[in-house]
Amino acid sequence: MANRLKKFFKEAAVLLLLVVVTSVAVNLYKTRNTATGPAPALSTVSIYGKPLSLANQQQPVLVHFWATWCPVCSLEHDSIDSIAKDYPVITIAMQSGNAEELIQFMRQEQLSFPVVEDDDGLIARHWQVSGVPASFIMSPSGDIKFVEVGYTSELGLRLRLWWAGRSG
């Protein structure tokens, strides 16, 4: 019985390691062309007319690219809304309509995170984003510390924000 249990845990450990390695490899592939190093300049106005900027941030910042038509993005909306209460967040709505349409969408979904309209995809191209959702975590010094493409849990984003604040 002890040998069977030992074999089970050994096989489970190997399987877990394989899943982690595969996950890391897939994420590296998905983020291979996105912006890295110092964050691209971002100084703009939200759909509500509020100025938003990455300059002079004192804590980590989440820049999140999403779209109203993206089903995976909708799974993250509540997480982004929650994170925006604790950290600076700038979200970029790609090819999702004009400001009025986005305001209506935000009201309908009962969301309050800051949104910038990027209907022409210009900001996304500047950040080299080719798919949504895409999340960039910046350190207070303005360097991109983490990039995630695809679904990311709230806990995962919060841990990355926490780490970016510790690592400069």
Side-chain angles (χ1 to χ4, degrees), residues 16-48 50-68 70-96 102 106 109 111-168:
L16 179 62
L17 180 62
L18 183 61
V19 168
V20 168
V21 168
T22 302
S23 178
V24 168
V26 167
N27 190 57
L28 287 172
Y29 178 77
K30 290 190 304 185
T31 61
R32 72 191 181 286
N33 294 324
T34 57
T36 58
L42 183 59
S43 185
T44 187
V45 178
S46 78
I47 58 174
Y48 301 107
K50 180 181 178 191
L52 299 171
S53 176
L54 288 178
N56 303 318
Q57 291 291 339
Q58 302 300 312
Q59 57 182 325
V61 179
L62 169 63
V63 176
H64 182 73
F65 290 81
W66 62 283
T68 56
C70 167
V72 176
C73 299
S74 67
L75 297 173
E76 292 183 326
H77 288 329
D78 290 336
S79 298
I80 302 301
D81 219 31
S82 175
I83 290 168
K85 292 176 174 76
D86 300 320
Y87 290 95
V89 171
I90 299 173
T91 72
I92 315 296
M94 292 175 51
Q95 301 162 345
S96 295
L102 285 167
M106 295 296 286
E109 298 298 316
L111 300 168
S112 60
F113 52 76
V115 180
V116 174
E117 170 194 345
D118 190 26
D119 209 28
D120 59 6
L122 188 62
I123 299 171
R125 282 193 297 279
H126 193 64
W127 283 70
Q128 298 171 302
V129 172
S130 58
V132 289
S135 300
F136 293 79
I137 309 278
M138 259 68 59
S139 68
S141 63
D143 291 325
I144 297 172
K145 292 295 185 178
F146 299 99
V147 179
E148 295 294 326
V149 176
Y151 178 81
T152 305
S153 69
E154 180 176 349
L155 178 61
L157 289 172
R158 285 184 178 278
L159 287 172
R160 288 172 180 88
L161 284 159
W162 174 82
W163 185 254
R166 302 302 176 268
S167 62

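It should be emphasised that the depicted structure is a prediction, and the values quoted were computed from it without experimental measurement.
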If you compare all heavy atoms of V116 against all heavy atoms of S46, which two are closest, and at what distance to 0.1 Å? CG2-CA, 4.4 Å
Is the backbone of D120 close enough, under 3.5 Å, to the side chain of R125 for a donor and an acceptor to pair up by distance? yes
To the nearest 0.5 angstrom, please state how far the CD1 atom of I137 sits from the CH2 atom of W163. 14.0 Å
Testing the basics here: between A84 and V89, what is the closest heavy-atom pair and its distance to 0.1 Å? CA-CG2, 3.6 Å
Short side-chain to backbone donor-acceptor contact, T152 and L157, under 3.5 Å: no
Would you say I144 and P40 make side-chain contact, with heavy atoms under 4.5 Å? yes
For residues 55-65, which side-chain N or O atoms pair as donor and acceptor with protein atoms under 3.5 Å away, sequence neighbours left out?
| from | atom 1 | to | atom 2 | distance (Å) |
| --- | --- | --- | --- | --- |
| Q57 | NE2 | S53 | O | 2.9 |
| Q58 | NE2 | N56 | O | 3.4 |
| H64 | ND1 | S135 | OG | 2.8 |
| H64 | NE2 | E76 | OE1 | 3.4 |

Ring geometry between H77 and W66 (parallel below 30°, tilted from 30 to 60°, perpendicular above 60°): perpendicular
For D118 and I92, indicate whether the former's side chain and the latter's backbone hold a donor-acceptor pair under 3.5 Å. no
Do the side chain of D143 and the main chain of M138 share a donor and acceptor less than 3.5 angstrom apart? no
With rounding to the nearest 0.5 angstrom, report the OG to CZ distance, S79 to F113. 10.5 Å
Step through the shown structure and confirm whether more than 12 heavy atoms of other residues, nucleotides or ligands are within 6.0 Å of CG on D78. no
Interatomic distance, E117 atom CD to L122 atom CG [nearest 0.5 angstrom]: 11.5 Å
Distance from L75 atom CG to I80 atom CD1, nearest 0.5 Å? 11.5 Å
Of all the heavy-atom pairs spanning A39 and L54, show the shortest one and how long it is. CB-CD1, 4.0 Å
Sequence neighbours excluded, the answer for side chain to side chain contact (heavy atoms under 4.5 Å, CB included) partners of S82 is E154, R158
At what distance, to the nearest 0.5 angstrom, does CG of L42 lie from CD1 of I123? 6.0 Å
Tell me whether D81 contacts the main-chain N or O of S112 through its side chain, where contact means a donor paired with an acceptor under 3.5 Å. yes
What is the minimum heavy-atom distance between V129 and A134, and which atoms define it? CG1-CB, 4.0 Å
So, taking the atom named OG1 in T44 and the one named NZ in K50, what distance separates them when rounded to the nearest 0.5 Å? 13.0 Å
Hey, is the main chain of G165 close enough, under 3.5 Å, to the side chain of S139 for a donor-acceptor pair? no
